Amino acid sequence: MVNIRPKTLSATVVLLAVAMIVLSSGNSPAGSPGQFDADDFLKKYFWREVITLSPPKRPKIVLVLSGGGARGLSHIGVLKVFQEEDIPIDGIAGTSVGALVGGLYCSGLDVEKIEIMAEEIGWTSLTNISPPSIVGMIVADKLFSSENMEKYIAEKIGNKQFHELKIPFACVATDLKTGERIIFREGDVAGAVRASATIPGVFSPAEYRHRKLVDGGVVANIPVDLAKMLSADIIVVVDISADFTKYSTANMLLVLNQSIYIQSSLLSTEALKQADVVINPRVGDVSAYELWRGRECIDAGVIAARKAMPKLKKLIMDRTFQWLLKQG
């Protein structure tokens with residue numbers, strides 16, 4: 001195939017569109033042997049050209065990775081499919097586990113490596129949860145620490161700052177005293193991700209510039225406005241919310257978890273209306289704490305992302321086609 005430079009692409013697309021109309025108006029019966037499918041040919045050809053372009057010659061695509069504890073490991077499956085399908089990612093906005101996965105990926109870690117990490121990860125590697133700390137929580141009302149999470153992330157990506165990331169990234173946490181949303185787009189990545197994923201009432205708040213920060217899911221579990229800050233033209237949300245009415249409230253941790261679900265569910269309804277494409281991994285029966293079900297969640301992410309691919313590709317091509325025609 002002739003390699004067509006982006007500056008000549010718009011004229012080429014118009015010619016191909018005309019060719020498609022002519023070819024598709026032939027008299028061959030639909031589905032007959034050897035029939036040329038002009039529409040399919042044009043789509044495949046145009047897609048191969050579109051993915052070679054960079055913004056602003058094509059729409060800027062930003063992923064929004066929501067919070068949800070262990071269910072968020074399905075984000076890894078979504079990233080796998082994006083990589084397999086050559087879908088460009090121009091930015092990632094995340095909350096809680098979405099911030100964790102997004103931060104790792106934007107740092108340049110290969111998705112296969114992140115997948116291996118997910119299979120190895122456990123609460124003991126991210127927190128100080130242990131028999132003594134559990135006793136301390138019960139007897140002395142002492143919360144767990146998420147400090148190990150920050151160390152774990154820094155070990156994997158180094159002491160990267162936001163401006164050093166390979167893909168633009170933003171995440172959100174909550175100021176426990178004021179209820180403000182704290183948006184991270186600069187500074188230390190590991191510390192920001194830790195703050196975004198610190199579950200209130202379970203883990204001690206993360207200290208940041210004299211603030212006490214907890215999980216971003218309290219105020220923005222699906223931070224679509226962060227995607228807009230990253231100049232998104234197409235917002236793709238990975239929604240891992242669950243039906244909170246089906247979860248147990250048998251102990252303190254589960255009660256706290258349920259409270260966050262209820263709050264985030266109300267906020268997420270409005271946020272989802274602003275998405276161009278929503279990917280829904282089927283992980284509703286996975287508790288936020290069931291990290292051992294990581295493989296199941298990753299597979300669910302793969303299935304959901306593949307299902308969404310036709311709609312996403314069509315949207316990318318339609319937007320690009322419209323822009324190229326405007327440019328002449």
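Note that the structure is predicted; figures quoted are calculated from it, not measured. In what follows, every heavy atom counts, from backbone to side chain, and hydrogens, waters and symmetry copies are set aside.
Following chains of ILVMFWY side-chain contacts shorter than 4.5 Å, one can reach Ile114 starting from Val238, so the two form part of one hydrophobic cluster. Transitive grouping of hydrophobic side chains (ILVMFWY, heavy atoms separated by less than 4.5 Å) brings Ile279 and Leu79 into a common cluster. Ile316 and Val64 fall into different hydrophobic clusters, defined by Ile, Leu, Val, Met, Phe, Trp and Tyr side-chain heavy atoms under 4.5 Å apart, directly or through other members.
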Practice task
Determine, step by step, whether Lys313 and Asp318 satisfy the salt bridge (charged side-chain N to carboxylate O under 4.0 Å, His left out) criterion, reporting the C-alpha distance in whole Å, the side-chain angles of both residues, the deciding distance to 0.1 Å, and the verdict.
Solution key: CA-CA 8 Å; Lys313 286 185 176 182; Asp318 286 349; over 6 Å; no
Problem - salt bridge (charged side-chain N to carboxylate O under 4.0 Å, His left out) assessment of Arg181 paired with Asp175 - result: CA-CA 6 Å; Arg181 292 189 328 146; Asp175 186 312; over 6 Å; no
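Remark: side-chain polar atoms of His75 are not paired, donor with acceptor, to backbone N or O of Gly301 under 3.5 angstrom. Formation of a donor-acceptor pair under 3.5 Å by the Glu290 side chain with backbone atoms of Ser287 is found in this model. For the pair Thr320 (side chain) and Val50 (backbone), a donor-acceptor distance under 3.5 Å is absent. No donor-acceptor distance shorter than 3.5 angstrom exists from the side chain of Asn221 to the backbone of Ser66, with no hydrogens or angles considered. For the pair Glu85 (side chain) and Phe82 (backbone), a donor-acceptor distance under 3.5 Å is absent.
Remark: aromatic rings of Tyr208 and Phe184 are close, center separation under 6.0 Å.
Relative ring orientation between Phe46 and Phe321 is described as perpendicular, the plane-to-plane angle rising above 60° on a 0-90° scale split at 30° and 60°.
Heavy atoms only, all atoms of each residue included: Val302 and Val81 are closest at O-CG2, 3.6 Å. Counting all heavy atoms, side chain and backbone alike, Ile61 lies closest to Val236 at CG2-CG2, 4.2 Å. Of all heavy-atom pairs between Asp188 and Glu150, the closest is OD2-OE2, 3.9 Å. Heavy atoms only, all atoms of each residue included: Leu230 and Ile92 are closest at CD1-O, 3.7 Å. Summarising the geometry of Thr198 relative to Ala206, their closest heavy-atom pair is OG1-CB, 4.2 Å, with the distance given to 0.1 Å. Pairing each heavy atom of Val97 with each of Gly68, the nearest pair is CG1-N, 3.7 Å.
At least one side-chain heavy atom of Lys212 sits under 4.5 Å from a side-chain heavy atom of Glu207.
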